[in-house]
Colleague: 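Here it is, the structure, as structure tokens.
All chains are named by letter (A, B, ...) in the order of the sequence lines, taking the proteins before the strands, and each is independently numbered beginning at 1. Any value given below was found using the heavy atoms of this structure, including those in side chains, with hydrogens, waters and symmetry copies removed.
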Amino acid sequence: MAALLVSPTLLVLGLVIAYPVLSALYTSLFTAPGIDPKTGFVEDGDSFAGLDNFTSIFSAAGDRFWNAFWNTSFLTLTSVALETIIGLGMALIMHQALRGRAWVRASILVPWAIPTAISALLWRWIFDTEGIANTIINTEVLWTTEGFQAQVAVIIAEVWKTAPFVGLLTLAGLQIISEEVYEAARVDGAGPVRRLWSITLPLVKPALLVAVLFRLLDALRMFDLPYILIGPGKESVETLSMLAQDEAANVRFGPASAYAVVLFLYVFLIAFAFIKLLGADLLGDRQSGNGKPGARKRLSLMPGNGRGQQKEATA
Amino acid sequence: MSAIERRLLRCTAVTAALTLVGGCGLGASSVESGVSAKERGPITYVAGKDTSGVVPKLIKRWNDRNPGEKVTFIELPEDADAQRQQMIQNAQLKTDTYTVLSLDAVWTAEFAANRWIDEIPESSFPFDKTLGPINGTVAYRGKWFAMPYTSDGALLYYRKDLLEKANVEPPKTQDEMREVCGKVLKKQPGMSCYGGQFEKYEGLTVNFSEAVNSAGGQVTDAKGNPHLDTPEAKRGLDNLIKGFRDGTMPKNGITMMEETGRRAFEKGRLLFYRNWPYQYAVSNTKAKTNKVVNKFGVAPIPGEKGTGASSLGGHNLALANTARNKATALDFMRYMTSDEGARMRLTKASQAPVFTKLYDDPKLAGQFPWLPVLKKSIVGAEPRPRVVRYGDSTKVIQDEAYAALTGKKSSEAALKSMQKELNALKP
């Protein structure tokens, strides 16, 4: 009976997750046909290539792949780190602001609501050689040319767009912290800084970790922002998704799928490591992760922060 | 799953998703070829976004005359890459949804080699009446695969008012251009000499090819063999690098695309600007940021020792391999590419024609002062690389040329790896 009841869900999951993944894996084993030098026509049918597409990623196209790999990792790390800090700051402010709080919350989400492609176009104007960015800092930086400044442009645009997302998730975490905890701390003589480090951060950690995990997974697939803001084929911001797109656009679906599979594995690995190392309570199987009872229990262990920190120490 | 089942599955999924007209043709092998076409009936015309509004008018006229062979216009996005992708998707699904395709001039070899488009009979189009170099963009391995539809060549836009004030003629060579700039720019603070399209995109391939062609070199020959290890090619690239080093081109010239450069020209930041004919009408339209209305003229682009050699743009009409009613399609292609259609597209949408006759028409030349200049530009033009793997080739050219222009590589090293990689892309 139970199996019957979940079967529609499983069917949908199978259709939208399992089938595309397996299909990509299957496609990645084939290679596009070559051209018959005599007739000048492309030969018929894709031919089975085994793991050739994967080996060529790491050998023939190795330079391009590793460049994209480090770009993806660098852009993800820096932008997610900045987003977390700024998002947390936003959440703390939103949590405090009493008058017009709902309005502030709604407006802070505007960047998140704008489609990435559109925000990339907006930032392209800002980073134009005669755009606002150059006017404000009073220089003539060529933002969209190859180099570190292109990476900076992408990071700024990315952080602008996604920090509100982190902020909102963190705010939800902040709201479930009981006011009594703060009162107790104040009675014990803890100052604002001490309260932030010993109460707010540990208690908001579960929500924050989920937000960071979501952002990591999303940022690793980064495509539209560098593609539109800086342009395709620019080495300094070329990401793994852009490599897959480039192959697919040139009608080589085998290698394109191979890149997609490699990216999938990388994202999967990062997510797995993140959950294992930092103990993000994504599956909700540890009751202490959120909710008041857990929070209370942790408070009694202050400032050791209970299980979360123990886990980190052992990991 | 068998191949047919797989195809069916994808086919239904895609038609369902896109709710396209027509169904999925599975009997692709039974479809007649363009050369022996006899079937008649309704067809579709597939082209990028029609900003001029001329295409629906032309189609309506056809539909009124041929009620049994109605044409439906399928409008694709404005972006060329998106158009190409949708056409390729259609070809791979082997549907008969698309019949007549409007192809960018550089796609012919790729579409022909993959048999996505049919060979067309020599007798179906007056190939001898077009400006010569245009035919190079519709042939693959000596056979015709498309009919020339519109053309495009480079023009040098210059500030007529400033040149007249300094009492100089528009330059024919790059050295003359530098001289003119030396005279004029002294009194024009904030203005640079020359601009083109040097951002890393298709425009860079166009401008790089023009630089090489104008120095007497060749990027690839008609058979697709690269010739970049020549002294001419090196001189061509060096001319561009020199332009950036000595300040002939502004520092932000490396980020210019057609529209960014046009705006710079209209703001008075450039004395000379290389662009396509479309700018003529735009820059003559009054706007707040446009200072050049009626103050500019056009000339052929300057070369090393004489007039430069332009790259060829434009669109051609081709017949999709998996389509039905190909006899109707060929007639429709002839109608669209005819003298009558070309005239209408020129007068209503400023699209450059392919026929010599229209360029020599004094009435039209009076109406479109750029027409005689464009004729010179196209007659001396070279098609961009005619290679099957165009997408990869243009990326190689952009990568290496960009590295050389930004000083990351020497021109020699850049051309050497360009030559090597283009050779590797050959069949």
Colleague: Taking the side chain as every heavy atom from C-beta outward, state whether A:V251 and B:R84 have any pair of such atoms under 4.5 Å apart.
Modeller: yes
Colleague: Determine whether A:E146 and B:K408 satisfy the following criterion, salt bridge (charged side-chain N to carboxylate O under 4.0 Å, His left out), listing intermediate values before the conclusion.
Modeller: CA-CA 10 Å; A:E146 295 268 20; B:K408 257 175 96 182; 5.1 Å; no
Colleague: Count the heavy-atom pairs under 4.5 Å between each of A:A249, A:G34, A:G231 and chain B, then report the option with the highest count.
Modeller: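 Looking at each of A:A249, A:G34, A:G231 in turn, A:A249 comes out on top.
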Colleague: Check whether B:Y390 gets within reach of chain A through its side chain, its backbone, both or neither, counting any heavy atom under 4.5 Å.
Modeller: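 For B:Y390, no heavy atom lies under 4.5 Å from chain A.
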Colleague: Answer whether the closest heavy-atom distance between the side chains of B:K395 and A:D246 falls below 4.5 Å.
Modeller: yes
Colleague: Answer yes or no: does atom NZ of B:K409 have more than 12 heavy-atom neighbours from other residues, nucleotides or ligands under 6.0 Å?
Modeller: yes
Colleague: Could you tell me whether A:D63 atom CG has more than 12 heavy atoms of other residues or ligands within 6.0 Å of it?
Modeller: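 No, the 6.0 Å shell around CG holds no more than 12 heavy atoms from other groups.
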Colleague: When the ring planes of A:F41 and B:F145 are compared, do they come out parallel, tilted or perpendicular, using 30° and 60° as the limits?
Modeller: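 If you compare the ring of A:F41 with that of B:F145, the planes turn out perpendicular.
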Colleague: Do you know the tightest heavy-atom contact between B:A113 and A:G40?
Modeller: CB-O, 3.4 Å
Colleague: For B:M256, which atoms come within 4.5 Å of any heavy atom of chain A: side chain, backbone, both, or neither?
Modeller: neither
Colleague: Between B:E199 and A:R124, is there a salt bridge with N-O shorter than 4.0 Å?
Modeller: yes
Colleague: Please test A:R252 against B:D392 for side-chain contact (heavy atoms from CB on, under 4.5 Å), starting from the C-alpha separation and ending with a verdict.
Modeller: CA-CA 11 Å; A:R252 288 189 298 269; B:D392 295 307; 2.7 Å; yes
Colleague: Tell me, side chain or backbone of A:P33 under 4.5 Å from chain B's heavy atoms, or both, or neither?
Modeller: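 Contact with chain B involves no heavy atom of A:P33 at all.
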Colleague: Mind ranking B:R389, B:K426, B:Q398, B:R269 by heavy-atom pairs under 4.5 Å with chain A and telling me who comes out on top?
Modeller: B:R269
Colleague: Between B:K251 and A:E140 (side chain of the first, backbone of the second, donor and acceptor by atom type, cut-off under 3.5 Å), is there such a pair?
Modeller: yes
Colleague: Using non-hydrogen atoms and a 4.5 Å limit, figure out which bit of B:K267 sits close to chain A: side chain, backbone, both or neither.
Modeller: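 The answer is the side chain of B:K267.
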Colleague: So which part of B:R263 gets closer than 4.5 Å to some heavy atom of chain A, the side chain, the backbone, both or neither?
Modeller: neither
Colleague: Is the number of heavy atoms from other residues, nucleotides or ligands under 6.0 Å of A:F58 CZ greater than 12?
Modeller: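 Result for CZ/A:F58: enclosed.
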Colleague: So for atom CD, which belongs to B:E78, do other residues, nucleotides or ligands contribute more than 12 heavy atoms lying within a distance under 6.0 Å?
Modeller: no
Colleague: In terms of heavy-atom proximity below 4.5 Å to chain B, should A:E130 be classed as side chain, backbone, both, or neither?
Modeller: side chain
Colleague: Tell me, for A:T129 versus chain B, whether the close heavy atoms (under 4.5 Å) come from the side chain, the backbone, both or neither.
Modeller: side chain
Colleague: Which residue, B:L405, B:T406, B:T255, B:N252, forms the side-chain contact (heavy atoms from CB on, under 4.5 Å) with A:T145?
Modeller: B:T255
Colleague: Drop me the distance from A:T39's OG1 to B:R141's CZ, to the nearest 0.5 angstrom.
Modeller: 7.0 Å
Colleague: For B:A403, which atoms come within 4.5 Å of any heavy atom of chain A: side chain, backbone, both, or neither?
Modeller: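 Neither the backbone nor the side chain of B:A403 comes within 4.5 Å of chain A.
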